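Let me begin by presenting the structure, written as structure tokens, before commenting on it.
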Amino acid sequence: MNVSDSGIVGTILTDNGFQLVNDTSEADVVLLNTCSIRDNAEKKVKNRIQELNTIKKKRGLIIGILGCMAERLKEDLITNYGVDVVCGVDSYRKIAEAINNSIDSSIALTVLNSQETYEGITPLQINTDAVTAFVSIMRGCENFCSYCVVPYTRGRERSHSVKSIITQCEDLFSKGYREITLLGQNVNSYRFNDGERTTDFADLIKQVAEINPLLRVRFATSHPKDISDRLIDVIASYNNICKAVHLPLQSGSSDVLKRMNRKYTREEYLEKIKRIKATIPDCSISTDIIVGFCGETPEDFEQTLEVMRIVEYDYAFMFAYSQRPDTLAAKKYADDISLQEKNRRLTQLINLQRDLSMASNRRDIGKVYEVMVEEQSKRSADKLFGRNSQNKVVIFDVGDFKKGDYAKVKILDCTSATLFGKTL
Ligand code: SAH
Ligand code: SF4
């Protein structure tokens, strides 16, 4: 989401006479696009602001904070952190003016606007060398998972128009991009009515896939309560819709899920997984998990490990619960698992996932995949880096390929994070 928002800000600023530079040392204005999802993310930004303030003292610099932290901390960033411009997620149309005015006095724009979708602004692709791009299809979230700050910092859910999404994807394809990830906090609740018909996510992804068979399409994230059978069928029936579903579990215990306000049970989640595996047999499945949520007992935690073993995730993002101010959980439940215990559980989770990823990769040895070439491998000049449809990283020998080409690669070896192969 933030990559796409940075692109929107990039377009607005370049249209207003600003110029993008490669390094902070060349910049007169530095904008940090921020995330508030966990306390660690905010701490990192605060350290970076401190570093920027050192530069500011030496030679003058305008420091701007965009994104969720801007929305959450507002004027506090000006009063206590030396920030000049605070611009929240629905105020980017005014960013150029805000920067120009901040020369006289600092400014904070943080009013949320549930109508704003930045229609008509095509995000600047900051890495023009890449063949993969992200396209935001919706903004905001109103699921109110009890641990999560997003509904407060990004406002109400709203979908971008079909026309703007398709135009953007066609444009990216014509510029040489060969993989697009459609982004939203809960893509399955995408809904756009143009006055005549309503388009849902299954309709939308079909339209994107039909732009060209050489364009790969990915998406994130699907909320388990909303992933539809129709979407699963659409993924199965288009070769260029990637066979990779990211379905955040958060916890394997129905009790914890209830307190998290996730609106599905362990059994319902497992049913969805069954349906995905039956319809798309070669689909990889990844997830997000939080450990140490309020009141999580050792038995609850054991149930999470059990679901991981049942599903055999290919990949997982795993986090220790971080209490966020003003969320439902912060108001209602005690953050009662010690940091030490959270970290112990997290380590156990990471170790299990490493074994599951390794086992999954071992099962791929001997198989042949279509891999899209993304770049030269960073580790060795005679190897290429790409991904298969399942979103696994594949390193293989250099052939007569350029970025964006598809190579047929036979998998010969692996680690828990990478597949190694040779082209056929
Ligand atoms: N909209 C997506 C995820 C958005 S945030 C979804 O619903 O799945 C990405 C991940 O951060 C979440 O899936 C969750 O695992 C994690 N996360 C969110 N809030 C958190 C918190 N307070 N503490 C720890 N992890 C958190
Ligand atoms: Fe947060 Fe839940 Fe919305 Fe995801 S679905 S952004 S976890 S509130």
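Counting starts at 1 for both ligands and their atoms, following the listed order. In this text, all values refer to a predicted model and were calculated from it rather than measured experimentally.
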Protein heavy atom at shortest distance from atom 7 (S) of ligand 2
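The answer is Y147 OH, 3.4 Å.
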With hydrogens left out, which residues have an atom under 4.0 Å from ligand 1, given that only heavy atoms count?
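Contacting ligand 1 under 4.0 Å are I37, R38, Y147, Q185, T221, P248, Q250, R262, D288, I290, F319, A320, Y321, S322, R324.
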Nearest heavy atoms of E116 and R158, plus distance in Å:
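Distance-wise, the nearest heavy atoms are O-NH1, 2.8 Å.
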Closest heavy-atom contact between K74 and T110?
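Shortest heavy-atom separation between K74 and T110 comes out as CE-OG1, 3.6 Å.
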Using the six-membered ring wherever Trp is involved, compare the ring planes of F319 and F317 and label them parallel, tilted or perpendicular (cut-offs 30° and 60°).
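Parallel: the ring planes of F319 and F317 meet at under 30°.
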Looking at K44 and E51, does any basic side-chain N land under 4.0 Å from a carboxylate oxygen?
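The answer is no: the pair does not qualify as a salt bridge.
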Would you call E271 and R275 a salt bridge, using N to O less than 4.0 angstrom?
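Result for this pair is no, no salt bridge flagged.
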Out of curiosity, is R262 lining ligand 2, as in a heavy atom under 4.0 Å away?
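Within the 4.0 Å threshold, so yes.
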Taking atom [atom1] as the centre, does [X] end up with more than 12 heavy-atom neighbours from other residues, nucleotides or ligands that are less than 6.0 angstrom away?
{"X": "Q340", "atom1": "CD", "value": "no"}
{"X": "E26", "atom1": "CD", "value": "yes"}
{"X": "K46", "atom1": "NZ", "value": "yes"}

Find out whether E210 and Y238 are in side-chain contact, i.e. whether some heavy atom of one side chain is under 4.5 Å from a heavy atom of the other.
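Sidechains of Y238 and E210: in contact.
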Worked verdict on F293 versus F301 for ring pair (Phe, Tyr, Trp, His ring centres under 6.0 Å)
CA-CA 10 Å; F293 184 66; F301 176 60; over 10 Å; no
Near atom 3 (Fe) of ligand 2, which protein N/O/S atoms fall under 2.8 Å?
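Near atom 3 (Fe) of ligand 2, below 2.8 Å, one finds C141 SG.
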